[in-house]
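Contents: one structure, followed by commentary.
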Amino acid sequence: MPPKSKLGQNFLRDQAAIARIAASLGDVSGQTVVEIGPGEGAITQALMTRAAHLTAIELDHELALRLQVRFSAEALAGKFAVVEQDVLAFDFAAAAAEAGHKMPVAGNLPYYITSPILLKLAENHASLDRAVLMVQREVADRVTAEPGSRDYGVLSVTVQMYGPAQKLFTLPPEAFSPPPEVHSTVFRWRFAPRFAELGVDEKTFLHFARMAFAQKRKTLANNLRAGGFGPEAIQAALAAAGIAPAARAEALAIEELAAVFTRLEAEEPA
Ligand code: SAM
């Protein structure tokens, strides 16, 4: 059965990388781990030996069937279950309730839906503990970027509002079969949302962040003006938060962005 490129099927062949991904989840003994896109099972076995139970979500019917056959003994022993489903439709809350704890997640993601998967995990942060994910290198650069760097933007802020993200290692295309056109990077994301600590509402703040970064070349003030805020309110909010009037959003730490947001809400309630 040839790999389906439209499902992002690039199978990991590097044994050292497989062991590193599983080890990067930390101690998962006694826990249920969720694997996104197990494919032919490259990482599945390594995860299963460390966890009490592995739930693997695979969209491809033939691959799901093959995993079912390959790991039928483990399934019978209650150590493994394959769920043939789109991960974007998976009920993480129900799975966490069944597991009885916040679950660790691992996966070499199908790159064509990386952002929707990251947003799905963010949405389900209450059911999740940490994630070790392989993504396209450029995406990992953006997810883990620090303020002031070229890659820092709305994806960095969105992901990091749900907890710290850290790059672990990068693999060349040859580590996969068939090789993708890009390098791949594994990163770890610990779910520890910052909304309460920063005193901001989740949905409204993320909407504000998208507005702040809407046009990279524009100043933060201009992006906020384009988003409908009045110039006086913007000026006052920036001054109160100690931000230069011509600053760009990419220069602001998450705490500073939250401070501008809070002041602006106070200046000009929506
Ligand atoms: N984990 C395997 C490995 O490392 O060799 C396969 C990784 S491959 C990059 C991505 C896997 O995700 C494929 O098996 C693909 O069929 C599966 N997949 C694609 N879209 C999916 C979706 N929406 N939900 C769940 N799995 C999906």
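Order of appearance sets the numbers: ligands from 1, and atoms from 1 within every ligand. Position 1 is the first residue of the sequence; numbering continues from there.
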Set of residues satisfying side-chain contact (heavy atoms from CB on, under 4.5 Å) with respect to Ala145, sequence neighbours excluded:
Ser149, Asp151, Tyr152, Ser156

Look up atom CG in Leu54 and atom CZ in Phe71, then write down how far apart they are to the nearest 0.5 Å.
8.5 Å

Please say which of Glu58, Arg70, Glu35 ends up in a side-chain hydrogen bond (donor to acceptor under 3.5 Å, both in side chains) with Thr44.
Glu35

Which atom pairs, nitrogen or oxygen on both sides, join ligand 1 and the protein at under 3.5 angstrom?
{"residue": "ligand 1", "atom": "1 (N)", "partner": "Gly37", "partner atom": "O", "Å": "2.8"}
{"residue": "ligand 1", "atom": "1 (N)", "partner": "Pro38", "partner atom": "O", "Å": "3.3"}
{"residue": "ligand 1", "atom": "4 (O)", "partner": "Asn108", "partner atom": "ND2", "Å": "2.9"}
{"residue": "ligand 1", "atom": "5 (O)", "partner": "Leu12", "partner atom": "N", "Å": "2.8"}
{"residue": "ligand 1", "atom": "14 (O)", "partner": "Gly39", "partner atom": "N", "Å": "3.4"}
{"residue": "ligand 1", "atom": "14 (O)", "partner": "Glu58", "partner atom": "OE1", "Å": "2.8"}
{"residue": "ligand 1", "atom": "16 (O)", "partner": "Gln9", "partner atom": "NE2", "Å": "2.9"}
{"residue": "ligand 1", "atom": "16 (O)", "partner": "Glu58", "partner atom": "OE2", "Å": "2.6"}
{"residue": "ligand 1", "atom": "20 (N)", "partner": "Tyr112", "partner atom": "OH", "Å": "2.8"}
{"residue": "ligand 1", "atom": "23 (N)", "partner": "Asp86", "partner atom": "OD1", "Å": "2.9"}
{"residue": "ligand 1", "atom": "24 (N)", "partner": "Val87", "partner atom": "N", "Å": "3.0"}
{"residue": "ligand 1", "atom": "26 (N)", "partner": "Leu59", "partner atom": "N", "Å": "3.4"}

Qualifying residues under side-chain contact (heavy atoms from CB on, under 4.5 Å), relative to Lys120, sequence neighbours excluded:
Leu88, Phe92, Asn124

Where at least one partner belongs to residues 7-32, residue pairs that pass side chain to side chain donor-acceptor pair (under 3.5 Å), sequence neighbours excluded:
Gln9-Asp60, Arg13-Glu40, Asp27-Ser29

Least distance between heavy atoms, Thr170 atom then Arg137 atom:
CG2-CD, 3.9 Å

